[in-house]
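This structure is a prediction, so every number in the text was calculated from the model and none was measured. Sequence lines set the chain letters: A, B, ... in the order given, protein chains first and strands last, and positions in each chain run from 1.
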Number of protein chains: 2
Amino acid sequence: MSIDRRSGCPINLSLEVFGDRWSLIILRDMIFGGKRHFRELLNFSLEGIASNILADRLKRLMELGMLTKADDPSHKQKAIYSLTEMAITLVPIMAQLGAWGRVWLPVTEELSIRAELLEKGGPPLWEQFMDELRHEHLGAPSKTPPNTPTVRQQLRAAYEDVVARKAESATA
Amino acid sequence: MSIDRRSGCPINLSLEVFGDRWSLIILRDMIFGGKRHFRELLNFSLEGIASNILADRLKRLMELGMLTKADDPSHKQKAIYSLTEMAITLVPIMAQLGAWGRVWLPVTEELSIRAELLEKGGPPLWEQFMDELRHEHLGAPSKTPPNTPTVRQQLRAAYEDVVARKAESATA
DNA sequence: CCAATCCGATTGCATTTTGCAATCAGTTGC
DNA sequence: GCAACTGATTGCAAAATGCAATCGGATTGG
């Protein structure tokens, strides 16, 4: 369950952490989708992860120090998963992956608009997003001024614009 | 063998391309190690890839458009594998992966010096490196002035410095 | 109070993928 | 001719994956 250490190469070690088909998907849904609960990750997953795999990966990501788990005070059974700093700093990797995929792979427009925004925003936007995630998941004080839309809100708004525009052009 | 298309999300599609334990390792050895032949990839692989897996992944990467294969004029059996533009543009992803792994994972110094250099050089260095790769693999005219050390030479020199320094401090 | 539903998982099982060792046939150098 | 090397392929065991069913506890609605 833990790491292999085939070699001390940083790219290899990174691959051993999330070089599988699900780990990054889960982290993506937590980072960009704001998902915190098992059922949210299970039921709203676009790719349809199985519950045993989800349980296994959540456990593995906790062992690796990418996630922590806490009780949800509002519901005795619910567990809240939080990103650690280690996971939050994946944002630049996610941004690059999205940018690359958008160029070379058959992405759908509504699902790639967020990657486009993140790419256009560049490192400053990534930093702002990571700051928000630290606030959300680690309770850190937010450095972004109040009354500015959060990055996640911006991404969500852009996504909904595309969906709305597509629905309109379909009925027109 | 080809792609799943679980969803049209760019991050998901990227994962379906190289979300396994070997594809990116092979591309890393081609990009940073300058490996072009089957045996080079097989025998000098730090992580010890098996020949059937290597054959399978090379085939898959060709089907995906990341590699091309050509006869080696010097040896009737030898095949030369070349990176396509699609693979060359992975350099920024590799750089980010290396930078992240260097911070969070138990990398060895000599294997992470290249990642450090690539991180410090930033996008301009990545661009120069990609230009060199286009020259090497696609026959494109090189934009970098002659008599400047190539990025790969710089990376290699930095690696050898670390190895030499370590050997010296071990005997001292 | 009780049934239905929701919670984070776990179990069993069939299928697929992986990793390893051995082997292959053609090419080359001597 | 023959050993070494070329890019692979094959057989087989082990592990990972995907799917459906299920679990015991908690909560909700009536």
Side-chain angles (χ1 to χ4, degrees), chain A residues 1-7 12 15-26 29-30 33 35-64 67-82, chain B residues 1-7 12 15-27 29-30 33 35-64 67-83:
Chain A
M1 182 58 66
S2 101
I3 210 166
D4 262 23
R5 306 241 188 135
R6 301 182 296 191
S7 86
N12 172 59
L15 274 183
E16 292 183 8
V17 169
F18 43 73
D20 75 275
R21 281 176 128 50
W22 292 111
S23 299
L24 261 195
I25 293 287
I26 294 170
D29 287 345
M30 290 188 69
K35 305 286 185 289
R36 307 287 297 263
H37 300 291
F38 191 95
R39 288 284 153 168
E40 284 180 312
L41 290 164
L42 186 66
N43 295 333
F44 299 135
S45 157
L46 272 178
E47 288 85 9
I49 191 170
S51 66
N52 55 347
I53 313 244
L54 176 58
D56 180 82
R57 289 307 185 281
L58 287 173
K59 190 172 134 204
R60 182 165 191 271
L61 289 171
M62 283 191 285
E63 285 172 4
L64 290 169
L67 298 180
T68 57
K69 181 163 119 174
D71 292 339
D72 184 333
S74 78
H75 190 304
K76 286 196 179 159
Q77 270 184 314
K78 273 188 177 170
I80 298 186
Y81 292 92
S82 298
Chain B
M1 182 59 66
S2 103
I3 211 166
D4 261 22
R5 305 239 189 136
R6 300 182 296 190
S7 86
N12 172 59
L15 274 183
E16 291 183 10
V17 168
F18 43 72
D20 73 274
R21 281 175 127 51
W22 292 111
S23 299
L24 261 195
I25 293 287
I26 295 169
L27 292 165
D29 287 344
M30 293 188 68
K35 306 286 185 293
R36 308 288 296 263
H37 300 291
F38 191 94
R39 288 283 154 172
E40 285 181 310
L41 289 164
L42 187 65
N43 296 333
F44 300 136
S45 157
L46 272 178
E47 289 85 11
I49 190 170
S51 67
N52 57 344
I53 312 242
L54 176 58
D56 179 82
R57 290 306 186 281
L58 287 173
K59 190 172 135 207
R60 182 166 191 271
L61 289 170
M62 283 190 286
E63 286 172 3
L64 290 169
L67 299 179
T68 58
K69 182 164 123 176
D71 292 340
D72 184 333
S74 77
H75 189 305
K76 284 192 180 164
Q77 267 184 315
K78 270 189 180 171
I80 298 187
Y81 292 92
S82 298
L83 301 168

Rounded to whole Å, how long is the line connecting atom [atom1] of [X] with atom [atom2] of [N]?
{"X": "A/R57", "N": "D/dA15", "atom1": "CZ", "atom2": "P", "result": "15 Å"}
{"X": "B/D20", "N": "C/dT18", "atom1": "CG", "atom2": "P", "result": "6 Å"}
{"X": "B/N43", "N": "D/dA4", "atom1": "CG", "atom2": "P", "result": "15 Å"}
{"X": "B/L42", "N": "C/dT23", "atom1": "CG", "atom2": "P", "result": "17 Å"}
{"X": "A/E16", "N": "D/dA15", "atom1": "CD", "atom2": "P", "result": "17 Å"}
{"X": "B/L41", "N": "D/dC5", "atom1": "CG", "atom2": "C1'", "result": "16 Å"}
{"X": "B/E47", "N": "C/dC20", "atom1": "CD", "atom2": "P", "result": "12 Å"}
{"X": "B/L54", "N": "D/dT6", "atom1": "CG", "atom2": "P", "result": "13 Å"}

Consider side chain to side chain contact (heavy atoms under 4.5 Å, CB included). Of B/I49, B/I25, B/L46, which one does A/R6 pass it with?
B/I25
Footprint string (nucleotides 22-30 of chain D, 5' to 3'): B base within contact, S backbone only, - free, heavy atoms under 4.0 Å:
--BBSS---
Considering heavy-atom distances to DNA chain D, does B/R6 or B/F38 have its closest nucleotide positioned more toward the 5' end?
B/F38
Carboxylate-amine/guanidinium contact B/R57 B/D20, below 4.0 Å:
yes
Roughly how far, to the nearest 0.5 Å, is the [atom2] atom of [Y] from the [atom1] atom of [X]?
{"X": "B/D72", "Y": "B/R36", "atom1": "CG", "atom2": "CZ", "value": "9.5 Å"}
{"X": "B/L42", "Y": "B/I53", "atom1": "CG", "atom2": "CD1", "value": "11.0 Å"}
{"X": "B/L41", "Y": "B/L58", "atom1": "CG", "atom2": "CG", "value": "6.0 Å"}
{"X": "B/I80", "Y": "B/H37", "atom1": "CD1", "atom2": "NE2", "value": "5.0 Å"}

Check the phosphate of [N] against [X], side-chain N and O only, distance under 4.0 Å to OP1 or OP2. Yes or no?
{"X": "B/W22", "N": "C/dG19", "value": "yes"}
{"X": "A/R60", "N": "D/dA16", "value": "no"}
{"X": "B/R21", "N": "D/dA16", "value": "no"}

Please lay out, stage by stage, how A/D29 and A/S45 fare under the test side-chain contact (heavy atoms from CB on, under 4.5 Å).
CA-CA 8 Å; A/D29 287 345; A/S45 157; 4.3 Å; yes
Counting side-chain heavy atoms from C-beta on, which of [options] comes nearest to [X]?
{"X": "B/I53", "options": "C/dT10, C/dG8, C/dG19", "answer": "C/dG19"}
{"X": "A/S51", "options": "C/dT10, C/dC20, C/dA22", "answer": "C/dT10"}
{"X": "B/N52", "options": "C/dC20, C/dT18, D/dG7", "answer": "C/dC20"}

